[in-house]
Amino acid sequence: MKAPQAFYDFTKQFHQDLDLVYPDWASDAPTARHEIYQSFRHRYGDQAVHDLNAFCEKLLSDARADLESFWFKESKADWVISNDGIRLLLKDFQTWAASFQ
């Protein structure tokens, strides 16, 4: 499955900003990553949010998908997140994206 440019942009920004700009990103708080998502929206626009949201839907539709391998191979990230962590991140992004659409 080919990822849209929005996926590459998101993963690159996510890992660049993560610990320096958003040190509490891994918190269990329901809005812990919303600033990251909002920053992505400001930088890349509503269409990128829409594209990434649609791609998340495709990735999450297969409960057995190896998201960890996909993330490592396809993302611009420089470290791996577990399958469960990626699934939670993408679902969290979708919840946030749905809040303003």
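As the structure is a computational prediction, the values presented were derived from the model and not from experiment.
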Exercise for the section: Step by step, work out the side-chain contact (heavy atoms from CB on, under 4.5 Å) result for Phe70 and Phe7. Expected result: CA-CA 12 Å; Phe70 180 80; Phe7 177 77; 3.7 Å; yes
Practice task
Apply side-chain hydrogen bond (donor to acceptor under 3.5 Å, both in side chains) to Asp51 and list each qualifying residue two or more places apart in sequence or on a separate chain.
Solution key: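 Listed in chain order: Gln47.
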Practice task
With sequence neighbours left out, write down each residue that passes side-chain contact (heavy atoms from CB on, under 4.5 Å) with Ala65, or none if nothing qualifies.
Solution key: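 Listed in chain order: Asp62, Leu67, Arg87.
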Problem - CG on Leu89 to CD1 on Ile86, rounded to 0.5 Å - result: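 Interatomic distance, Ile86 CD1 to Leu89 CG, rounded to 0.5 Å: 8.0 Å.
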Problem - Nearest-0.5 Å distance, CD of residue Glu57 to CG of residue Leu90 - result: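 Taking CD in Glu57 and CG in Leu90, the distance rounds to 10.5 Å.
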Is a side-chain N or O of [X] found less than 3.5 angstrom from the main chain of [Y], in a donor-acceptor match?
X	Y	answer
Ser99	Trp96	yes
Ser82	Gly85	yes
Ser75	Phe72	no

Handout entry: Stepwise side chain to side chain donor-acceptor pair (under 3.5 Å) check, Glu74 with Tyr8
Key = CA-CA 8 Å; Glu74 295 294 328; Tyr8 299 117; 2.8 Å; yes
Please tell me if the side chains of [X] and [Y] come closer than 4.5 Å, counting only heavy atoms from C-beta onward.
X	Y	value
Trp71	Asn83	no
Tyr44	Val49	no
Phe40	Glu35	no
Ile36	Arg33	yes

Exercise for the section: Would you name the heavy atoms of Ala6 and Ala48 that are closest together and state the gap between them? Expected result: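 That closest heavy-atom pairing would be CB-O, 3.4 Å.
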Problem - Distance-only polar pair, side chains of Gln38 and His42, donor-acceptor under 3.5 Å - result: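 Their side chains do contain a donor-acceptor pair, which is all the 3.5 Å distance test asks for.
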Practice task
Begin with the C-alpha distance, continue with both residues' side-chain angles, and end with the deciding distance and a verdict on side-chain contact (heavy atoms from CB on, under 4.5 Å) for Gln94 and Leu60.
Solution key: CA-CA 10 Å; Gln94 287 187 302; Leu60 294 173; 3.2 Å; yes
Handout entry: Criterion side-chain contact (heavy atoms from CB on, under 4.5 Å) on Asn53 and His50, from CA distance to verdict
Key = CA-CA 5 Å; Asn53 193 33; His50 173 74; 5.7 Å; no
Problem - Phe93-Phe10 aromatic ring centre distance below 6.0 Å - result: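 Here the rings of Phe10 and Phe93 have centres that are less than 6.0 Å from each other.
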